[in-house]
Amino acid sequence: MAGMLGLALASTALCPVPAQAQNLTVMKGSVNQPLNVPMNRAVVVESDTPFAELSVANPGIADISTLSDKTIYVLGKTPGRTTMTLLTQDGKLISNVEVHVTPDIEEFKERLQQILPGERIEVRTANDGIVLSGIVSSTAKLDRALDLASRYSPDKVSNLLMVSGTQQVMLKVRFAEMQRSVSKSLSASLGVRGIGNVGVEGATGTVLDNINNSTGTFKPASGTKGALGLGFTAGSLEFGVLLEALESKGVVRTLAEPNLTALSGQEAKFLAGGEYPIPMTGTNGNVTIEYKPFGVELNFTPTVVDGDTINLQINAAVSSIDTTTSVETNGISVNAFKRRETSTTVEMRDGESFAIAGLLQDDFRDLNGQVPWLGDVPILGALFRSADYQRNQSELVIIVTPHLVTPIRGDTFALPTDRIRLPTEKELFLFGKTAGKQTGAAGEVARQDFSGSYGYSME
């Protein structure tokens with residue numbers, strides 16, 4: 001016999017408030033269509049056929065109780081599926097009702113609309129979880145929606161949301177360094193030569209040549225710069241005085257400007273330089289070669305937070321080989337490295353700049369040397385003293401500027417190689433031209449001061 005089982009859904013929470021039933025046709029002994037019960041909500045099920053026994057397969061998912069021989073109270077406890085069985089007094093099956101407990105997405109939708117008004121987010125349930133789809137305006141709002149959904153369905157949230165707007169970031173980094181060095185030195189040497197080709201020299205700077213030679217005159221040693229020599233004789237004695245004064249100045253300017261583009265949330269790496277071989281000795285004495293990169297290095301991970309606000313995780317460095325410092329191992333000489341590096345996280349808007357690192361260094365050194373006692377003699381003691389003065393100053397600043405960019409057609413840009421055309425044999429041999437004359441669009445670009453980012457346009 002076919003029986004009728006009526007189902008009624010009530011929006012009451014944790015209390016048996018009867019509601020108007022939704023009549024469903026039930027075939028005796030068959031499985032009825034699923035009964036959807038929101039989590040932590042209750043529904044009342046009415047049956048046209050009196051039942052004597054009632055059971056649920058998994059009480060942890062849904063809790064049931066009888067209100068009468070035709071009315072059942074079903075409470076959703078945990079998202080999942082279970083089966084409720086109804087039996088007659090003689091033990092015959094009335095129906096198996098599949099109970100599907102789902103997260104309470106109605107309340108979730110209300111909270112979502114309150115927290116993120118105006119966002120086009122669609123909420124559905126699937127396999128005991130929550131599915132989010134639609135378009136949000138920023139990554140920050142996407143994270144808020146996922147965090148709220150995880151409170152209603154922990155570890156069962158499917159993210160199908162898309163972020164609108166530009167999600168590609170071009171980072172422009174400028175390394176600027178100025179170095180200035182000043183060196184001053186003043187020293188004196190005194191030589192005396194007498195009978196027997198014996199010479200005596202009181203020197204604190206560059207020594208004199210021919211000091212122990214009976215022929216020739218005193219002269220500064222080879223390689224001496226900024227030296228003034230004076231010589232005179234007194235009887236059988238010859239005197240020579242050498243004054244050395246030298247001043248040197250130097251200025252170094254270093255500038256590097258790497259540009260790199262990456263998708264929001266993805267890491268990008270850039271290296272312009274090379275790799276330096278370094279020998280390494282193993283445990284068994286074998287020598288292997290490892291390569292250390294040097295040059296301009298840039299690693300960064302951009303995240304478009306909200307609108308045009310960009311979060312940047314940056315690791316930038318400029319390194320070069322230092323030929324003034326070296327170490328020798330197993331007969332192999334290895335140079336040292338000069339390296340300026342910074343690693344930080346900053347947040348700024350599109351087109352804004354930030355000086356993420358700066359260094360002002362001022363090194364000062366002076367040295368005074370003299371012959372003991374003789375250097376303390378007034379006036380003449382200057383011939384037995386030397387002074388050396390050195391000062392090195394450097395200033396380094398690293399500036400970053402992010403831009404939101406979108407790709408455009410590749411044929412709208414000109415490459416740097418488009419500015420140069422190989423010369424013909426006539427142009428090379430007869431006129432000595434190393435590049436041919438440009439015509440058309442490439443020639444127009446060559447006559448312009450073209451500067452910008454290839455392959456992308458900045459908004």
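Nothing here was measured: the structure is a model prediction, and the numbers come from that model.
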Taking ring-ring contact (aromatic ring centres under 6.0 Å, His included) as the cut-off, I'd like each qualifying pair that reaches into residues 273-295, sequence neighbours left out, listed once.
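Found Tyr276-Phe337.
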
If we ignore hydrogens and angles and just use 3.5 Å, is the side chain of [X] paired with the main-chain N or O of [Y] as donor and acceptor?
{"X": "Ser264", "Y": "Val304", "value": "yes"}
{"X": "Glu352", "Y": "Arg349", "value": "yes"}
{"X": "Glu427", "Y": "Thr424", "value": "yes"}
{"X": "Thr78", "Y": "Gly60", "value": "yes"}
{"X": "Asn315", "Y": "Ser343", "value": "no"}
{"X": "Thr345", "Y": "Gln313", "value": "no"}
{"X": "Thr325", "Y": "Asp322", "value": "no"}

Looking only at heavy atoms, what is the nearest atom pair of [X] and [Y], with distance?
{"X": "Leu404", "Y": "Asp308", "answer": "CD1-CA, 3.9 Å"}
{"X": "Ala262", "Y": "Phe300", "answer": "CB-CZ, 4.0 Å"}
{"X": "Val101", "Y": "Ala62", "answer": "CG2-CB, 4.2 Å"}
{"X": "Leu260", "Y": "Phe270", "answer": "CD2-CB, 3.7 Å"}
{"X": "Asn36", "Y": "Val43", "answer": "O-CG1, 4.5 Å"}
{"X": "Met39", "Y": "Pro79", "answer": "SD-CD, 3.2 Å"}

Residues in side-chain hydrogen bond (donor to acceptor under 3.5 Å, both in side chains) contact with [X], at least two apart in sequence or another chain:
{"X": "Thr401", "result": "Ser353"}
{"X": "Thr85", "result": "Asn96"}
{"X": "Glu122", "result": "Arg124"}
{"X": "Ser333", "result": "none"}

Evaluate the side-chain contact (heavy atoms from CB on, under 4.5 Å) criterion for residues Leu160 and Val131: first the C-alpha distance (whole Å), next the side-chain angles of each, then the deciding distance (0.1 Å), finally the verdict.
CA-CA 7 Å; Leu160 301 180; Val131 179; 3.7 Å; yes

Just how far is it from atom [atom1] of [X] to atom [atom2] of [Y], taken to the nearest 0.5 Å?
{"X": "Arg81", "Y": "Asn58", "atom1": "CZ", "atom2": "CG", "value": "13.5 Å"}
{"X": "Arg340", "Y": "Ser319", "atom1": "CZ", "atom2": "OG", "value": "8.0 Å"}
{"X": "Glu106", "Y": "Lys109", "atom1": "CD", "atom2": "NZ", "value": "5.0 Å"}
{"X": "Thr301", "Y": "Leu263", "atom1": "OG1", "atom2": "CG", "value": "11.0 Å"}
{"X": "Thr82", "Y": "Asp63", "atom1": "OG1", "atom2": "CG", "value": "11.0 Å"}
{"X": "Leu75", "Y": "Ser65", "atom1": "CG", "atom2": "OG", "value": "8.5 Å"}

[Y] side chain reached by [X] side chain, heavy atoms, under 4.5 Å:
{"X": "Ile398", "Y": "Arg174", "value": "no"}
{"X": "Asn159", "Y": "Leu142", "value": "yes"}
{"X": "Ile278", "Y": "Ile289", "value": "no"}
{"X": "Met348", "Y": "Val400", "value": "yes"}
{"X": "Val37", "Y": "Val99", "value": "yes"}
{"X": "Val334", "Y": "Ser326", "value": "no"}
{"X": "Asn259", "Y": "Thr261", "value": "no"}
{"X": "Leu116", "Y": "Ile121", "value": "yes"}

Take atom [atom1] in [X]; do more than 12 heavy atoms of anything else shown fall under 6.0 Å from it?
{"X": "Glu425", "atom1": "CD", "result": "no"}
{"X": "Lys184", "atom1": "NZ", "result": "no"}
{"X": "Leu367", "atom1": "CG", "result": "yes"}

List the steps and the verdict of salt bridge (charged side-chain N to carboxylate O under 4.0 Å, His left out) for Glu177 and Arg253.
CA-CA 6 Å; Glu177 183 177 14; Arg253 174 180 179 267; over 6 Å; no

Pair Ile72, Val44 - check side-chain contact (heavy atoms from CB on, under 4.5 Å), show working.
CA-CA 6 Å; Ile72 307 168; Val44 176; over 6 Å; no

From CA spacing to verdict: salt bridge (charged side-chain N to carboxylate O under 4.0 Å, His left out), Glu297, Arg339:
CA-CA 11 Å; Glu297 301 176 61; Arg339 185 175 180 88; 3.0 Å; yes

List the steps and the verdict of side-chain contact (heavy atoms from CB on, under 4.5 Å) for Val251 and Met178.
CA-CA 7 Å; Val251 176; Met178 289 294 297; 3.8 Å; yes

Strictly by side-chain hydrogen bond (donor to acceptor under 3.5 Å, both in side chains), give each pair with a member in residues 387-399 just once, sequence neighbours left out.
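Of all non-adjacent pairs touching residues 387-399, those that pass side-chain hydrogen bond (donor to acceptor under 3.5 Å, both in side chains) are Arg180-Gln393, Asp362-Arg391, Asp362-Gln393, Arg365-Gln390.
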
Would Lys172 and Glu257 count as a salt bridge (charged side-chain N to carboxylate O under 4.0 Å, His left out) here? Give the steps.
CA-CA 7 Å; Lys172 179 180 180 181; Glu257 190 174 323; 3.4 Å; yes

Step-by-step side-chain contact (heavy atoms from CB on, under 4.5 Å) determination, Lys269 to Leu298:
CA-CA 6 Å; Lys269 298 181 179 180; Leu298 174 62; over 6 Å; no

